[in-house]
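Inspection log for the structure reproduced underneath, given as structure tokens.
Order of listing sets the numbers, starting from 1, for every ligand and every atom in it.
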Amino acid sequence: MLACRASGLRRAPSLRAPNRLKSTQPNIRSPFMDLATLAPGIQSRLTKLGIHRPFDLVLHLPLRYEDETHLLAIADAPVGCAVLVEGEVQTCETMFRPKKQLVARVADATGMLVVRLINFYPNQAQQLAVGKQVRLYGEIRRGFWGDEMVHPKIKSVGAHNQLSEALTPVYPTTAGLPQATLTKLIGRALRACPLSDTLPPVMLDAYGLPDFAGSVALLHAPTPDIPNVMLEHRTHPAWRRLKFDELLAQQLSLRMARAARREKNAPRIAPEGRVAARLVASLPFKLTQAQNRVLLDIARDLAQPHPMQRLLQGDVGSGKTIVAAIAACHAIECGYQVALLAPTEILAEQHFRKLSTWLAPLDIKVAWLAGSLKARQKRAALEDAALGTAPLVVGTHAIFQNQVEFKNLGLVIVDEQHRFGVAQRLALRAKGQSPHQLMMSATPIPRTLAMSFYADLDVSVIDELPPGRTPIVTKLISDARRDEVITRIAAKVAEGRQVYWVCPLIEESEALQLQTAVDTHAQLSEELEGIAVGLLHGKMKPDDKAAVMAEFIANRIQVLVATTVIEVGVDVPNASLMVIEHAERMGLAQLHQLRGRVGRGAHASLCVLLYTGPLGDTAKERLRVIYENTDGFVIAQEDLRIRGPGELAGVRQSGVPMLRFADLEADADLVEAAREAAEALLADNRPAAIAHLDRWLPGREALLRV
Ligand code: ADP
Ligand code: MG
């Protein structure tokens with residue numbers, strides 16, 4: 001599967017004209033390429049770069065180029081820009097002051113240049129031996145010893161060395177994989193992989209796009225006459241062709257996934273809405289317009305005879321849980337069971353409690369499945385699921401993976417969907433029938449991006465918070481003023497409020513992270529006399545976690561010291577102060593999620609971000625964004641700007657291929673074109689559509705079939 005087939009697409013000779021093919025087809029086989037035959041060290045580094053098959057090498061495009069196509073005379077070479085010069089080594093010595101370095105003088109007929117290497121290998125010293133002819137590529141600086149190049153690219157030259165005709169590509173790479181190796185591999189892949197066009201010429205004409213083979217060839221080795229800005233800004237037609245292809249693949253997969261879903265059967269759930277109406281009537285609040293709108297989307301999906309796959313996005317605190325409960329009521333009214341999954345046991349238990357309070361008065365039994373249950377309780381819950389005595393079963397994903405059988409599962413709801421990988425999502429879908437699925441996520445991905453990351457999902461957004469919330473005030477406070485913060489905690493507790501204290505994230509060492517939490521707990525317990533301080537961390541047994549959480553919910557614990565385990569979904573409206581230690585170490589999405597744990601009640605809430613200076617630029621920028629913004633979508637946009645889409649939280653682990661070349665905003669015209677083209681291809685040229693998908697999203701097919 002990893003190998004590219006030879007490009008000379010040799011058709012089986014037809015019986016009627018046995019000799020024709022032989023005579024017209026030159027007998028040149030393109031070299032066969034198989035990444036599995038490379039050294040394991042190289043393979044693993046390629047994997048790191050996302051290169052799994054030879055064709056990925058073809059699509060591994062340069063970051064920038066170096067112009068080694070013409071030589072300058074040393075006297076003419078301008079200071080401050082990269083140039084190529086050639087000359088003979090006049091002197092070469094190792095100096096030891098200020099530190100060990102190699103200093104050589106290279107001269108041509110017009111002038112002299114110093115070459116300085118601060119770290120060097122013996123073979124570099126040999127290249128610079130007196131009398132050798134060398135070509136140097138680098139930036140000239142005014143140095144201590146006159147005009148100099150520090151660490152230029154050095155090439156020994158003989159009489160017949162020609163200048164390259166194309167710009168030299170510089171590829172994104174990773175430690176241990178030198179440019180030269182990567183360049184060689186890419187060259188091989190370009191010769192071995194079939195680069196024939198997947199798209200019909202009329203389509204290319206219609207959108208004014210060049211052919212594929214020519215485009216990749218150009219981008220890997222452009223000639224120096226091509227304006228550099230077109231390459232740099234990726235506006236050259238060759239770049240546009242690649243972006244178009246990528247967007248087209250995405251549009252195709254999106255359309256095919258939906259079409260595949262249409263072919264599957266799911267129960268038609270079209271209730272009168274009696275059960276849901278009773279639930280809504282019992283609530284102490286009115287649903288927001290946004291909640292009502294997404295409920296309409298969901299009801300419409302459920303009434304279809306094919307499985308719903310809807311992603312419900314809503315910022316933290318936007319009220320997704322009640323939407324899930326109402327959707328569950330629809331299924332239950334029609335006699336189907338509902339499963340609700342949460343990524344952590346804390347969150348699952350909280351859902352269990354909340355849904356039980358809402359649904360028990362309607363005589364709906366809610367079963368609770370947790371890893372920490374005693375065997376007997378677990379058996380009872382499993383039985384409730386299997387016999388259908390519990391119309392709603394709540395639990396963590398781990399439990400659902402293999403054990404649970406349902407009598408009549410009609411709807412699966414997955415909370416904090418971004419926590420689950422695509423693989424898990426698919427495993428669930430593969431389980432038995434194809435129930436309707438509602439996925440919920442508070443990771444606010446801008447809508448256009450969501451459409452591409454979750455290409456197989458429909459998306460609904462709750463874009464409005466319930467009324468009556470007092471906005472959270474965020475303060476940035478230096479760690480030096482920790483004492484003041486502790487005084488403030490005491491004051492809040494005296495007012496009857498509760499407090500979260502989030503311990504720093506220490507990625508390097510889990511043990512250290514745990515120790516910090518334990519120490520902080522001890523310290524706060526001592527300093528906050530007469531106040532119950534609890535501790536919650538990831539290493540605790542689920543039982544113990546649940547017990548601490550229950551105490552906090554009941555306000556028997558006033559201050560909860562926690563590691564980032566509380567990041568997800570915890571809802572304690574009376575908690576109105578959150579202190580986040582070493583906030584500068586956390587990512588934006590995480591800070592936003594954490595902060596969303598307060599501001600859930602009517603009390604004015606405060607989030608204190610404790611930081612320890614000096615702050616780096618990115619940390620400063622992140623803290624500024626979180627300080628200035630409360631809207632999760634705006635924060636996500638900023639996150640995207642600071643880090644680039646590849647790093648967007650929750651997206652990376654979703655495993656869905658990202659857009660590498662196109663930018664949904666900057667290339668909006670191409671998005672539109674790709675959308676049109678996808679429709680046209682699927683209607684009248686399916687083989688081309690399949691070939692295109694195979695090229696761009698291999699393995700995506702498997703994903704579509706689930
Ligand atoms: P999230 O979207 O983060 O999961 P939750 O579902 O936990 O948010 O809701 C946050 C809080 O807001 C809960 O206490 C919930 O009961 C409450 N809530 C939900 N909808 C409304 C509403 N329309 N009006 C007032 N409060 C609401
Ligand atoms: Mg939630």
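- For the pair D631 and D315, the tightest heavy-atom approach, listed with the atom from each and the gap, is C-OD2, 3.9 Å.
- Listed by number with element, the atoms of ligand 1 under 4.0 Å from a non-hydrogen atom of V316 are 3 (O).
- Exactly one of L287, I326, V323 qualifies for a side chain to side chain contact (heavy atoms under 4.5 Å, CB included) with N292. That residue is L287.
- Atoms of ligand 1 lying under 4.0 Å from any heavy atom of T288, numbered from 1 in the order shown and given with element: 23 (N).
- Between D571 and R353 there is no salt bridge, since no side-chain nitrogen of the basic residue lies less than 4.0 Å from a carboxylate oxygen of the acidic one.
- Ring orientation note: the planes of F552 and Y500 are tilted relative to one another, at an angle of 30° to 60°.
- Counting heavy atoms only, K354 comes closest to atom 16 (O) of ligand 1 of the residues K354, Q593, Q350, E464.
- Against a heavy-atom cut-off of under 4.0 Å, R600 is close to the following atoms of ligand 1: 3 (O), 7 (O), 10 (C).
- For ligand 1, the polar-atom distance check finds no N/O of W358 at less than 3.5 Å from any of the ligand's N/O atoms.
- Contact atoms of ligand 1 toward S318: 2 (O), 8 (O) (distance under 4.0 Å to a heavy atom of the residue).
- Contact analysis leaves G314 out of contact with ligand 1, as no non-hydrogen atom separation drops below 4.0 angstrom.
- Residues passing the side-chain contact (heavy atoms from CB on, under 4.5 Å) test with Q304 are H306, sequence neighbours excluded.
- Among the atoms of P467, none of the N or O lies under 3.5 angstrom from an N or O of ligand 1.
- Side chains of E349 and H351: no donor on one and acceptor on the other come within 3.5 Å.
- Residue pairs meeting the salt bridge (Lys or Arg N to Asp or Glu O under 4.0 Å) criterion with at least one partner in residues 333-347, sequence neighbours excluded, are R274-E333.
- At a 4.0 Å heavy-atom cut-off, ligand 1 touches T321 through backbone and side chain alike.
- For ligand 1, the atoms sitting less than 4.0 Å from at least one non-hydrogen atom of L287 are 23 (N), numbered in the order shown with element in parentheses.
- With values rounded to the nearest 0.5 angstrom, H592 atom NE2 is found 8.0 Å from T630 atom OG1.
- Residue-to-ligand polar distances keep P466 apart from ligand 1: every N/O pair is separated by 3.5 Å or more.
- Taking every heavy atom of K286 and a limit of under 4.0 angstrom, the matching atoms of ligand 1 come to 22 (C), 23 (N), 24 (N).
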